[in-house]
Amino acid sequence: MPQVRHVDVAAVRAWCSLALEALGRERAEIDAINVYPVADGDTGTNLYLTVESAHQAVEAVFAGLEPAVPALPDVMRAMAHGALIGARGNSGTILAQLLRGMAQVLADGHASDADHDGFVDAQSLRLALSRAAESAREAVAHPVEGTVLTVATAAADAASGVDGDCGSVARAAYEGACAALDATPGQLAVLGSAGVVDAGGRGLVAVLGALSQAVSGDAVPVRRESAGGHARVDAVSADAALGCPDEHGAAGPAFEVIYLLEADDAAVARLRTRLDALGDSLVVVGGDGLWNVHVHVDDAGAAVEAGVEAGRPYRIRITHFGLGDVHAGRAFAPPRERAQRAVVAVVPGDGLAGLYAEAGATTVPDRPGEPPASGELVDAIRRAHAREVVLLPNDAELRHTAAAAAEQARSEGVRVALIPTRSAVQGLAALAVHEPDRRFDEDVVAMTSAAGATRYAELAVAERQSWTMAGICQAGDVLGLIDGDVAVIGSAVPTTARTVLDRMLAAGGELVTLVLGDDVPDELADGLERHVREAHLAVDTVVYRGGRQSALLLIGVE
């Protein structure tokens, strides 16, 4: 094998892609051996979603500079940031910190003899792996041996003992991780009892195997944990709501709480102390004002309130593990019965999300610049826990992502119908006629017809001079987009909104839906309601608040 003296941006990009591919291939197997810290069968899925977010961030850097090639620091920082904001679960949060530790060396100038704009050498890679393991341990309130932390440390130690090129260092890290993973059942009682290796450590092995392949070009052997004495945990599945066992098998806290937090270092230090007293499995990762907080608690509200006191928490996710009768030292609950039908919708803004949730839909946030990935949609379909699911992407740009998620869910035995809604107001129209008691096909046809009969518009502010279907706009102009195309260019929101409404209602309509963004005053809605009432007889108007992160104004005409 030829020597690989340096790691460049192409290798990092390949590493990210290969890691995502490996976790996608092995996700189900990793889920199946997940017994610690919570036997909820989602470690593989959480790691996949975390790396998917990192992969999207890396690809965005390349797409933004094409045909030029980005600098290595930019790619490493993007990979670490993407993992941070997309981290899911205990293992995903730790993996995000591992990548951040590597980025601190490979991107932030602490590497030895590295050309940070083009490549890093073997010594830099050794230092990066060591810093990754150290920073992950620092992020965990109470490190436990026999977990992903042990595997990361072993990988760094193995790499540090190799005096060779980058390919040799990466391969040594992978082999060291494999050896440490095989030893985890003897280090953690709950793993030994179940006859499995640590699921988080298994995921890290997949990521390090991808690194070795990206650097050297040689694929690593595919591991199969069902062989070699590591049995699949059939009693632990994604459908069984299990209590949280510690390493001795005792039931633990009922909730997992995760959120992103904008706060300074001093506030985060106080937060760690408070959360540590509230629960366990505390992991706080990040820095430079942005953190990802993960903890298991009985009082989820108190965990969120602690974040509010520390700074600004957002993208808050609270998962109830479920409590059942304790048998043989492990808490089991009977599988939750699947609903017959559910609706899953991608929604921009917390106000709209609340509106959809009130109507019974499972929602997925659509954040500016951070569209949901297919794994996030699949996760939402699983959370809906139904035999039949209607999927509303509510964005034309998400059609391929939604199609991939639907296909994945179908392979898992869920009947999924994808309605190609292109706006949240079309989704509202579909949801308004949803009747779960009628036949699935009839329900889908009715919802599709209602969405298709709803024209949609959006008001936005131009960021730069640009050519549009309506002519040339300047930065600061108000744009009225009808059915996805710029139809009106104006100087003020109220007049532009009225012009858009008049154009949409010229072809007729019975109901106007207005969804106001967070910064839009109520007076605008009052004025538009009055305009519709006076200029268009027999047309009703309903107004909703979209909340933070929703568009300036969404308009639907049915």
Side-chain angles (χ1 to χ4, degrees), residues 7-28 30-31 42-66 69-89 91-103 106-107 128 132 170 174 200 202-215 219-220 260 285-286 290 292 315 346 364-380 397-398 400-405 407-408:
V7 176
D8 58 14
V9 291
V12 173
R13 186 184 194 183
W15 172 31
C16 206
S17 296
L18 289 168
L20 183 63
E21 180 183 324
L23 288 170
R25 184 174 58 246
E26 300 165 26
R27 175 192 59 77
I30 296 172
D31 282 345
D42 65 357
T43 291
T45 299
N46 287 337
L47 287 169
Y48 177 84
L49 293 172
T50 302
V51 173
E52 185 178 46
S53 181
H55 178 262
Q56 287 181 330
V58 168
E59 291 304 310
V61 173
F62 276 87
L65 291 177
E66 288 179 348
V69 177
L72 180 63
D74 294 335
V75 175
M76 283 304 306
R77 292 190 190 105
M79 187 175 183
H81 180 73
L84 175 67
I85 64 174
R88 302 289 290 266
S91 295
T93 308
I94 293 173
L95 178 60
Q97 188 69 0
L98 287 166
L99 294 176
R100 177 178 172 82
M102 293 190 72
L106 300 182
Y174 168 73
R202 175 66 187 86
L204 180 58
V205 164
V207 172
L208 290 174
L211 174 63
S212 178
Q213 181 176 351
V215 172
V220 299
L260 290 178
V285 304
L290 180 62
N292 192 307
R315 290 178 64 175
V346 179
V364 178
D366 185 5
R367 299 165 291 271
E370 299 175 31
S374 60
E376 198 168 351
L377 297 184
V378 173
D379 185 49
E397 298 298 321
L398 291 178
H400 296 307
T401 300
E407 190 61 33
Q408 172 64 35

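By convention here, the first residue in the shown sequence is residue 1. These numbers come from a predicted model, not from an experiment.
A heavy-atom distance below 4.5 Å is found between the side chains of E26 and R202. The shortest side-chain heavy-atom distance between L204 and I94 does not fall under the 4.5 Å cut-off. A heavy-atom distance below 4.5 Å is found between the side chains of E376 and P365. Using a 4.5 Å heavy-atom cutoff, the side chains of Q408 and L377 are not in contact. The side-chain heavy atoms of V58 and V12, taken from C-beta on, include no pair separated by under 4.5 Å. Looking only at side-chain heavy atoms (C-beta outward), R13 and M79 stay at 4.5 Å or farther from each other.
Heavy atoms only, all atoms of each residue included: A80 and A103 are closest at CB-CB, 3.9 Å. Heavy atoms only, all atoms of each residue included: A78 and V61 are closest at CB-CG2, 3.4 Å. Between V346 and P372, the closest heavy-atom pair is CG1-CG, 3.8 Å. Considering all non-hydrogen atoms of both residues, G82 and A57 come closest at CA-CB, 3.8 Å. Nearest heavy-atom pair across V9 and P70 is CG1-O, 3.5 Å. Among all heavy-atom pairs drawn from D366 and P371, the shortest one is OD1-CA, 3.8 Å.
In this structure, NE2 in H55 is found 14.5 Å from OG1 in T50, a value given to the nearest 0.5 Å. Between the CG atom of L20 and the CG atom of L49 there is a distance of 9.5 Å, given to the nearest 0.5 Å. Remark: L23 CG to N46 CG distance equals 11.0 Å, nearest 0.5 Å. Within the model, atoms CG of L95 and CG of L84 stand 11.5 Å from one another, a figure rounded to the nearest 0.5 Å. In this structure, I85 CD1 and N292 CG are separated by 10.0 Å, a value rounded to the nearest 0.5 Å.
The salt bridge (Lys or Arg N to Asp or Glu O under 4.0 Å) test applied to R27 returns D31, E412, not counting sequence neighbours. Partners of T43 under the side-chain contact (heavy atoms from CB on, under 4.5 Å) rule, at least two apart in sequence or in another chain, are I30, N34, L47, S91, A199. Under the rule for a side-chain contact (heavy atoms from CB on, under 4.5 Å), the partners of A96 that lie at least two apart in sequence or sit in another chain are A83, A87. Checked against side chain to side chain donor-acceptor pair (under 3.5 Å), E52 has the following partners two or more places apart in sequence or in another chain: S374. E397 meets the side chain to side chain donor-acceptor pair (under 3.5 Å) test with no other residue; sequence neighbours excluded. The side-chain contact (heavy atoms from CB on, under 4.5 Å) test applied to Q97 returns R100, S135, A139, V285, not counting sequence neighbours. In this structure E407 satisfies the salt bridge (Lys or Arg N to Asp or Glu O under 4.0 Å) test together with R410, sequence neighbours excluded. In this view, D379 and R88 satisfy the side chain to side chain donor-acceptor pair (under 3.5 Å) rule, not counting sequence neighbours. Applying the side-chain contact (heavy atoms from CB on, under 4.5 Å) test to A214 and every residue at least two apart in sequence or in another chain returns A14, W15, L18.
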